Amino acid sequence: MSRTLVELLQDGLPAEAILTDPDVTSSYAHDMASFCAAGDPAVVVLPRTVEQVQHVMRTATELRVPVVPQGARTGLSGAANASDGCIVLSLVKMDRILEISPVDRIAVVEPGVVNATLSRAVGEHGLYYPPDPSSWETCTIGGNIGTASGGLCCVKYGVTAEYVLGLDVVLADGRLMSTGRRTAKGVAGYDLTRLFVGSEGSLGIVVRAVLALKPQPPQQLVLAAEFPSAEAACDAVCKIMEGGHVPSLLELMDRTTVKAVNALAQMGLPETTEALLLAAFDTPDPAADLAAVGALCEAAGATQVVPAEDTAESELLLQARRLSLTALEAVKGSTMIDDVCVPRSRLAEMLVGVERIGEKYGLTVGVCAHAGDGNTHPTVCFDATDPDEGRRARESFDEIMALGLELGGTITGEHGVGVLKKEWLAREIGPVGVEMQRAVKAAFDPHSLLNPGKLF
C-alpha cells in the first residue's frame, strides 16, 4: 500500500512541524493582496533546519505535489498564495541570525529572520542593513529576497537585491546549492544569486543568506514641504535629484493619503496641502542639506517648508508615511495597492494620470510614493461587498498599470508579480522574454512544483 503525503513528511519532520487541521491550514492560504485566487493546502509544514526543508522537497518531488514557500505573508501580489492540494512551506521557524561580522560587513541569516530584528541586531555592532519595507516590523528576510523588496531608503541605499551576496538554496529535487560569495568582490560564473532574488520562490527555497552591511549612518533629519499641486511636488523631486543631492529618503503623500492618515491616527498633518513631500538626510550635517533642499522646494512652489528639529520629530513624520497604506485601507475597508515605477522625469504625469483614472471610475485613489525612485503606490479604495465597485477597482488598477508602461515604467518596483500581475508581466517583457523566463524555470524546476501559477 502506498503511503500518504503526511506519512512521508513525518519521516523527516517532527509532529509539531506538520499542520493538517483545515481550520489552521486555511489561515496560511493567502498573503495580503486583493483579487488573488488562493487554494486549499493539503498540509502546512514549518521546518527548522535545512535538512528538513530538503526532506520536504524530496517528498514533494517523489509524489509530484506542488510546494508554496511562505514567509510572514505580508506580500501584496498573491505570490505566497496556496494552490489546491499543495504543501505550504512556511519558513518562519528558521529565524536564526547565524553570524554578524563587522570586519567583513556581512550578516548570515536564515530566511525567517524579521527585517527589523536583523536591523536592530546589526545596529549593536555599529552596522546598518538598509532595506526597510513598510512592513519591516513583521516581514522576513526570505520574503524580502523572494520579492526583491524595497522601502523608504532605496533612493540612497538601493533595494534588497543589492545586499544579497550569497544564498544557500534547496532545489526542487531536494539538492542543496550555494551561490555567490561572502567576499567584497566576486565574478565567478553566472550570477545565480541575483537570479533567485525576486524569483518569488519559483526556482528554489532560500534557506540561508549572506547579506552585505554598511556602517551605521548618523541619525537622519526629515523635512516636510507642502505643495499646492502634485505637479509642483514632482518638480521639486526633479530639482533635488538633478542638483546632485543624495537624500536618505524622498517620499510623497497626496492629499487623499494625508487625510486618511490623519483620520486613522490623528497625526496632525496639513490637510490643506495637495501633496506633502518628505525629504531626509543622514549626512554629518543634515541641517545644511535640508536647508538646500528646502530652498529647492520653495523654488518649485512649496507653500510651507518645515524641517524637523530633532530625531523624535523626524520619526513622527516617518511614522505617518509608514501608516499610509493601512490608513487608505480604512477608507473603504479594502484596497488594491499598485506598485508602478516610472522614470523620475515622468512622475508628475503618473500622479496626474492616476487622479484622472480615479475620477473616471468614481473611486478614491490615494497615492504615496518613494518619489526619489519614481516608485508610486496608487491605492484604490473600494467596498469589497459591492460587486460593481469591485469591478471598477480592478479596471482602474489595470489602467494605472497601463499608464505606467506608457510612461516608460514597470508594473512592479518592489512588490513582485505573483498572481496579481501575471498578465501584465507578459505585456511588459514580451513573448520572447516570457519564453526565456519559462526556460529558466524549467531548468531549475522541471516538474513545475515550486509556486506554480505565479509570475507567468
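Given the structure is predicted, the values throughout are model-derived calculations rather than measurements. Just so you know, these numbers use all the heavy atoms, side chains as well, and skip hydrogens, waters and symmetry mates.
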Testing the basics here: between [X] and [Y], what is the closest heavy-atom pair and its distance to 0.1 Å?
X      : Y      : value
Val159 : Ala148 : CB-O, 4.4 Å
Cys234 : Leu347 : SG-CG, 3.6 Å
Ile240 : Cys297 : CD1-SG, 4.4 Å
Pro111 : Leu91  : CG-CB, 4.0 Å
Leu276 : Ala224 : CD1-CB, 4.3 Å
Ile337 : Leu76  : CD1-CD2, 3.9 Å

Taking the side chain as everything from C-beta on, heavy atoms only, tell me whether [X] gets closer than 4.5 Å to [Y].
X      : Y      : result
Val340 : Ile400 : yes
Pro41  : Cys86  : yes
Pro270 : Thr273 : yes
Val352 : Glu231 : yes
Pro133 : Asn144 : yes
Val43  : Leu19  : no
Glu110 : Val207 : no
Asp445 : Leu203 : no

From [atom1] ([X]) to [atom2] ([Y]), nearest 0.5 Å:
X      : Y      : atom1 : atom2 : result
Leu277 : Asp254 : CG    : CG    : 12.5 Å
Lys454 : Lys422 : NZ    : NZ    : 9.0 Å
His377 : Glu414 : NE2   : CD    : 4.0 Å
Glu329 : Ser34  : CD    : OG    : 7.5 Å
Met241 : Ser345 : CE    : OG    : 12.0 Å
Phe281 : Gln220 : CZ    : CD    : 10.5 Å

Quick one about [Y] and [X] (side-chain donor to acceptor, distance below 3.5 Å, no hydrogens or angles considered), yes or no?
X      : Y      : value
His447 : Arg64  : yes
Asp132 : Asn115 : no
Asn451 : Ser202 : no
Thr410 : Glu428 : yes
Gln219 : Asp282 : no
Asp289 : Thr283 : yes

When you measure from the side chain of [X] to the backbone of [Y], do you find a donor-acceptor pair of N or O atoms at a distance under 3.5 Å?
X      : Y      : value
Thr257 : Val367 : yes
Ser396 : Arg392 : yes
Asp339 : Gly413 : yes
Asn262 : Leu269 : yes
Gln70  : Ser90  : no
Asp31  : Gly78  : yes
Thr335 : Thr379 : no
Asn81  : Ala37  : yes
Arg344 : Gly372 : yes
Ser324 : Cys368 : no

Heavy atoms from other residues, nucleotides or ligands near [atom1] of [X] exceed 12 (cutoff 6.0 Å):
X      : atom1 : answer
Glu271 : CD    : yes
Glu423 : CD    : no
Gln266 : CD    : yes

- Please check if the distance between the ring centroids of Phe444 and Phe196 is under 6.0 Å.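 Here the rings of Phe196 and Phe444 have centres that are less than 6.0 Å from each other.
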
- Message: Apply salt bridge (charged side-chain N to carboxylate O under 4.0 Å, His left out) to residues Asp373 and Lys156 and explain how you reach the verdict.
- Response: CA-CA 9 Å; Asp373 302 328; Lys156 179 174 182 177; over 6 Å; no

So, are [X] and [Y] salt-bridged, with charged N and O less than 4.0 Å apart?
X      : Y      : value
Glu298 : Lys239 : no
Glu251 : Arg321 : yes
Arg208 : Asp168 : yes
Asp398 : Arg427 : no
Arg322 : Glu315 : yes
Glu406 : Arg346 : no

- Task: Decide ring pair (Phe, Tyr, Trp, His ring centres under 6.0 Å) for Phe35 and Phe382; before the verdict, give the C-alpha distance in whole Å, the side-chain angles of both, and the deciding distance to 0.1 Å.
- Result: CA-CA 12 Å; Phe35 290 103; Phe382 67 100; 5.4 Å; yes

- Message: Under the criterion side chain to side chain contact (heavy atoms under 4.5 Å, CB included), I'd like the reasoning laid out for Leu328 against Thr364: C-alpha separation, chi angles, the key distance, then a yes or no.
- Response: CA-CA 9 Å; Leu328 288 167; Thr364 298; 5.6 Å; no

- Dump the intermediate steps for side chain to side chain contact (heavy atoms under 4.5 Å, CB included) on Val365 and Glu355, then the final yes or no. CA-CA 7 Å; Val365 183; Glu355 183 174 13; over 6 Å; no

- Task: Step by step, work out the side chain to side chain contact (heavy atoms under 4.5 Å, CB included) result for Leu405 and Ile411.
- Result: CA-CA 7 Å; Leu405 292 180; Ile411 58 166; 4.0 Å; yes

- Message: Taking side-chain contact (heavy atoms from CB on, under 4.5 Å) as the criterion, tell me which of Glu389, Lys332, Met336 meets it with Cys381.
- Response: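 The single option meeting the side-chain contact (heavy atoms from CB on, under 4.5 Å) with Cys381 is Lys332.
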
- Have a look at Val56 and tell me which of Ile205, Ile87, Val170, Val65 forms a side-chain contact (heavy atoms from CB on, under 4.5 Å) with it.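 Output: one option passes, namely Ile87.
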
- Query: So Tyr157 and Tyr129, ring pair (Phe, Tyr, Trp, His ring centres under 6.0 Å) or not? Walk me through it.
  - Reply: CA-CA 10 Å; Tyr157 292 105; Tyr129 181 67; over 10 Å; no

- Query: Are Phe227 and Asp235 close enough, and set up right, to give a side chain to side chain contact (heavy atoms under 4.5 Å, CB included), and what steps lead you there?
  - Reply: CA-CA 10 Å; Phe227 289 89; Asp235 183 40; over 6 Å; no

